[in-house]
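What follows is a single structure, written as structure tokens, with notes after it.
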There are 2 protein chains.
Amino acid sequence: MSSVADETRARLLKVAGPLFAQHGFRDTGVKTICDAADCNVAAVNYHFHSKQDFYGAVLAEAHQNAFAMRPMPRASVGTPAAALTAWLWWWMESMLHPGRPEWLQTLMAREMAFPTPALDQMVKRSIRPIYNELTAIVRRLLPRGSRLTVVRDCVHSVIGQVLVYKHAAPVLHRLSAMPTYQRGGLARLVANVVTFSLAGIAAIAAQKPSSRSKKIRR
Amino acid sequence: MSSVADETRARLLKVAGPLFAQHGFRDTGVKTICDAADCNVAAVNYHFHSKQDFYGAVLAEAHQNAFAMRPMPRASVGTPAAALTAWLWWWMESMLHPGRPEWLQTLMAREMAFPTPALDQMVKRSIRPIYNELTAIVRRLLPRGSRLTVVRDCVHSVIGQVLVYKHAAPVLHRLSAMPTYQRGGLARLVANVVTFSLAGIAAIAAQKPSSRSKKIRR
DNA sequence: CAAGAAGTCAAATGGCGATTTGAAATCGGC
DNA sequence: GCCGATTTCAAATCGCCATTTGACTTCTTG
């Protein structure tokens, strides 16, 4: 409980996020982190028990900083369509905005596709609330008695449209297809995803008047 | 050029795919692979130059087996909507079908999110043709003079809806939201993605009569 | 069937990276 | 300004893993 003591502790936490995000947990050496934080290799094992525990602390810290100063909008705002629009603006800006703590979203994306023991905690703390909120919004856009599987399909379709820019980023770069998130770029992208999603959900809703139905092609 | 000689070579190639898919390149030891293939650790360095080259050979092999016996439908079939439907059936069955060489898609997904030096080759050989084909289909669903960025947004929205089931699988499992790909499950999922995508693209098309336009909300 | 080529093997090598250690330095309260 | 506790440091340790080595076995071919 000293003042100067855990100054390096804080320095480690601050410096590690971007590094883990860029190279992943396995490919980021303790040596590298400590060099960046300008301290000895033993520091991470002294202040945190192990590299794995340290990684967990970084994730927790990042979660605090990100979701505290940028709270998720609740579903109760206006019409269902307005709610989805507002929510998508919030989430896509959180996930894709190039500014500030950009690496947190990258870390989450990384953890999603390549789980470490820290994923369970992250799902409970960060991901499940987001998922539940979107599910609630989508449910209001669908007919009353829609099957759970259909609701989920729509939720996943919305999520996928956003996550693709994180999970397939290396490929999109190689295809020269990575959008620029500058001023206009991100806004245009969000608007398109909103339009696309609202129309998509509406089509699913129209297809199932309420009860069960056979597959509809045409 | 012997007969019994490269029998173990073939055995290594056959056995490594699932292992790499399950644990990733870094976390799959040569020891593990050779145990599974029932041969000595030196084999992989004898038949292929290094572990990295061996991995490249596994990817190439997998590509052959997968896309040779399941060719991609060309865009020229019928109406644009029919083309997208046919193409999505092909791609989603290739990506999500639980049967046979399931691990190839998992390997591709892995490579997308966590590139190794083998990604460049994979993009050129496997991914770019797929991407170009879908782009051609989507372009026919949009107005003549649509901007390239808009076409791309739609392509990515379609891709994302499918990839999410690969890239976010660990999370979806923890959310109890992973769909079952049994008999009816996959068909229903594909049908929903088709409906969702066609409506989404139509909405984007309707929104931009052809020239430029300001952001359209609500 | 001989002899060389090709393949297999157990054991060694070498490097990398997380963790530990024990001594030195710094801090906090008195 | 001193003493015990906390924090830092350079060096050692330890385990893991890809790769090499050199002897041994198995093929091929004339």
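Atoms considered below: every heavy atom in the structure, side chains included; atoms not considered: hydrogens, waters and symmetry mates. A note on names: the letters A, B, ... follow the listed sequences, proteins ahead of strands, and every chain is numbered from 1.
The neighbour count for B/Gln22 CD, taken as heavy atoms of other residues, nucleotides or ligands under 6.0 Å away, does not exceed 12.
Distance CD (B/Glu7) to P (D/dC27): 10 Å, rounded to an integer number of Å. Per the geometry, CZ belonging to A/Phe48 stands 15 Å off P belonging to C/dA18, to the nearest Å. Between B/Tyr46 atom OH and D/dT21 atom C1' there is a gap of 14 Å when expressed in whole angstrom units. Distance B/Arg9 CZ to C/dT8 P: 12 Å, rounded to the nearest Å. Across the protein-nucleic acid pair, A/Leu12 atom CG and D/dT8 atom P stand 9 Å apart, rounded to whole Å. Residue A/Arg11 contributes atom CZ, which lies 13 Å from atom P of D/dT7 at whole-angstrom precision.
Proximity of A/Phe48 to A/Leu12: side-chain heavy atoms (C-beta onward) are separated by under 4.5 Å at one or more points. For the pair B/Asn65/B/Leu104, no side-chain contact is recorded, criterion being any heavy-atom separation below 4.5 Å from C-beta on. In this structure, the side chains of B/Ile127 and A/Arg174 stay at 4.5 Å or more apart for every pair of heavy atoms.
Side-chain proximity of B/Ala42 to the nucleotides D/dC9, C/dA10, C/dA6 is greatest for C/dA10. In the set C/dA18, C/dT8, D/dT7, the nucleotide with an atom closest to the side chain of A/Val30 is C/dA18. Comparing C/dA6, C/dC9, D/dT6 against the side chain of B/Cys39 picks out C/dC9 as the nearest. Between D/dC9, C/dG7, D/dA18, one nucleotide has an atom nearer to the side chain of A/Asn40 than all others, and that is D/dC9.
At C/dT8, one or more side-chain N or O atoms of B/His47 fall inside 4.0 Å of OP1 or OP2 (strictly under the cut-off). At least one side-chain nitrogen or oxygen of B/Thr8 sits closer than 4.0 Å to the OP1 or OP2 atom of C/dT8. Within the 4.0 Å cut-off from OP1 or OP2 of D/dA18, not a single side-chain nitrogen or oxygen of B/Ser50 is found.
Of all heavy-atom pairs between A/Ala169 and A/Met178, the closest is CB-CE, 3.9 Å. The minimum heavy-atom distance between A/Ser197 and A/Leu84, with the atom names listed, is CB-CD2, 4.2 Å. Shown here for A/Leu141 and A/Pro80, the closest heavy-atom pair between the two residues is CD2-CB, 3.6 Å.
Residue side chain B/Asn45 does not reach the base of D/dA18 through any donor-acceptor N/O pair under 3.5 Å, judged by distance alone.
The side-chain tip of A/Arg110 does not point at the ring of B/Phe114 from less than 6.0 angstrom away and within 45° of straight on.
With sequence neighbours left out, the ring pair (Phe, Tyr, Trp, His ring centres under 6.0 Å) criterion links A/His156 to A/Tyr131, B/Tyr165.
Using a 4.0 Å heavy-atom distance criterion, A/Thr32 is classed as making no nucleic acid contact.
The residues B/Lys124 and B/Asp120 are annotated as not salt-bridged, no charged nitrogen and carboxylate oxygen being separated by less than 4.0 angstrom.
Axis angle, first five pairs versus last five pairs of the helix from C/dC1-D/dG30 to C/dC30-D/dG1: 20°, rounded to 10°.
Within a heavy-atom distance below 4.0 Å of DNA chain C, no residue of residues 51-62 of chain B is found.
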